[in-house]
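Heads up, the thing below is written out as structure tokens.
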Amino acid sequence: MSVRVRFAPSPTGYLHIGGLRTALYNYLFAKKNNGTFVLRIEDTDKARFVEGAMQNLIESLRWAGIDYDEGPNKDAGFGPYIQSERIDLYKEYAQKLIENGNAYYAFDTQEEIELARQKQQAEKLDFKYNRNQMRNQITLGNEEVKSLLESGVPFVIRLKVPEDKTIRFKDIIRGEVVVGSKEVDDQVLLKSDGYPTYHLANVVDDYLMKISHVIRGEEWLPSTPKHILLYEAFNWAPPHFAHLPLLLNKDKTKLSKRQGSVAVEDFRDKGYLSDALVNFVALLGWNPSADREIYAIQELIEHFSLEKINKAGAVFDVQKLDWMNQQYLKNLPNETVALLIASELEKLGIAPQPKSYLEKVAPLFKERVLFVSEIVANADYMFSQPKDFEEEYFKKHWKENTKELISQLIKAIEEIDDFFHSAIQEKIKQFNEEHNIKLKEIIHPIRLMITGKSAGAGMFETMEVLGKSECIKRMNKFINERF
RNA sequence: GGCCCCAUCGACUAACGGUUAGGUCACCAGCCUUUCACGCUGGCAGUAGGGGUUCGAAUCCCCUUGGGGUCACCA
């Protein structure tokens, strides 16, 4: 049997980080098994329609490097992949369940259901739709139903859950799960607006799209018995199930936007690299060996297995993600980092710099920051003359004789022909020997004058990149304006 | 509350009955050093509790406790 999996998000705005992981695991499983990764859009809630949400979702997936084999605009014969375009299909299948006695029409209004709910709550009972007391095909009889239907009153179709039956299914991650049918409500399958509920739509689609493995979040575990019942009602073989542990907030509740960013696009905007995010998220709840942290997507695919997925939820803690981002950033080619710096400059409205220049700036800073944005923020002096000078730094390293030394040093620096860091270093070393001073005594004042800051990349390298005349200009300017 | 799921350092995890319970992030100390980082070395820190089973339990079983999810004409 060929492996076919799907990621089936509801387009309600953005791609949730938990959704990213679900998509990723589906993707990894598909690729590992030479299978097919399907994207299906579950937009059966008209009330929650969000303009552009689907495009946004697809864009986020693409950014993360997760491309779908089948889905919107990529029909391989199982489409359409957008549920709102499949409405007739669900009606047709709901009808089949009516015919084979596994579902029934119901005409209760929202108010009537609410009333029944309150009544049961008053008696301290859990709410369950009582098919023998409500207005439906069972209490009304077929004749009455027929005329109601003809008169055009709104109706829903509900699943007729067997009275007393033990429902069992095997979850790849959790083992066997057993639930009594008493615990399962007569779920609405077809809503009064003619749209299906999730339960009907996902079962029908998974069957029609020949999905072999349903890999989804653990929040679906409690409703899986309903789905099993539906497969049985249709007389279909159910797919394999794997319910993923949840991603958690720091307080261990289900990851939500109340407690921080959860949208993939937010992480992108903050400057996280997609490879780092994917690597990090992959290792939340799954780990191939634990003796290594950094895995390229191809390696994730090679090692992936559903059996090794953890059962317990995983706290989403960005500390390790930040570290991972740094790891990826410092291993990025300079040309790539240069591009990222360029777009960061543009974002801040700073004048663009030549590509060749940025490629020299990149290696100086890429391994000392977590994000590219920090390069621009911390090393602003690489893009314009420093305006502020750290006073503490000045006090600490500027001595009585420093000014006089610098005047002479500038002359020495002017003599350097090939302004490379090695030559600069050599010249300064010579200068130090002549004046009988240590490197420490001169390098900090130089850093201060040229960068204004106490922290930065290697000073000789920094000088090389800035260039001889710029360095001299800055030193003269400092001396002239300061004293 | 009913039902379901879960439980190893602060966080992510490894150990598929036999290990001084390992690694990574974070934290602390040191080294490196022209600052800041990177890097390197070391340290702190965990099997929720109680019963079994077994020669032997983090690992298997039961109970307790704790946490989470879910109970819509939302997905």
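The basis for the numbers below is simple: all heavy atoms, side chains too, and nothing from hydrogens, waters or symmetry mates. Throughout, a chain's letter reflects where its sequence line sits, starting with A, and its residues are numbered from 1.
- Remark: P of G39(B) and CZ of R368(A) are 12 Å apart, rounded to the nearest angstrom.
- Checked against a 6.0 Å centroid threshold, the rings of W398(A) and F478(A) count as neighbours.
- Residue-level contact check: N202(A) touches neither bases nor backbone, having no heavy atom under 4.0 Å from any strand.
- Pair check for C55(B) finds G18(B); Watson-Crick or G-U wobble, both atom distances under 3.5 Å.
- The six-membered or imidazole ring of W323(A) lies away from that of F280(A), with a centre-to-centre distance of 6.0 Å or more.
- The separation between H199(A) atom NE2 and A72(B) atom P is 9 Å, rounded to whole Å.
- Residue-level contact check: V156(A) touches the bases, meaning some heavy atom is under 4.0 Å from a base atom.
- Aromatic ring centres of F460(A) and F420(A) lie farther apart than the 6.0 Å criterion allows.
- The residue E367(A) sits close to a base: some heavy atom pair falls under 4.0 Å.
- To the nearest angstrom, P of A72(B) lies 23 Å from OH of Y195(A).
- The six-membered or imidazole ring of H227(A) lies away from that of Y231(A), with a centre-to-centre distance of 6.0 Å or more.
- Residue G217(A) is out of contact with every strand shown, counting any heavy-atom pair closer than 4.0 Å.
- Between Q327(A) and I113(A), the residue anchored closer to the 5' end of RNA chain B is Q327(A), taking for each the nucleotide with the nearest heavy atom.
- Taking atom CD on E218(A) and atom C1' on A7(B), their separation rounds to 12 Å, with Å as the unit.
- Residue A47(A) is out of contact with every strand shown, counting any heavy-atom pair closer than 4.0 Å.
- Separating the CD atom of Q110(A) from the C1' atom of C74(B) is a distance of 12 Å, rounded to the nearest angstrom.
- Checking L283(A) against T253(A), the closest nucleotide of RNA chain B that is more toward the 5' end is the one next to L283(A).
- Across all strands shown, R174(A) has heavy atoms under 4.0 Å from sugar-phosphate atoms exclusively, and none from any base.
- Remark: P of C5(B) and CD1 of I309(A) are 18 Å apart, rounded to the nearest angstrom.
- At whole-Å resolution of the value, NZ in K396(A) and P in C36(B) are 8 Å apart.
- Within the 6.0 Å centre-distance limit, the rings of F316(A) and F267(A) are counted as a close aromatic pair.
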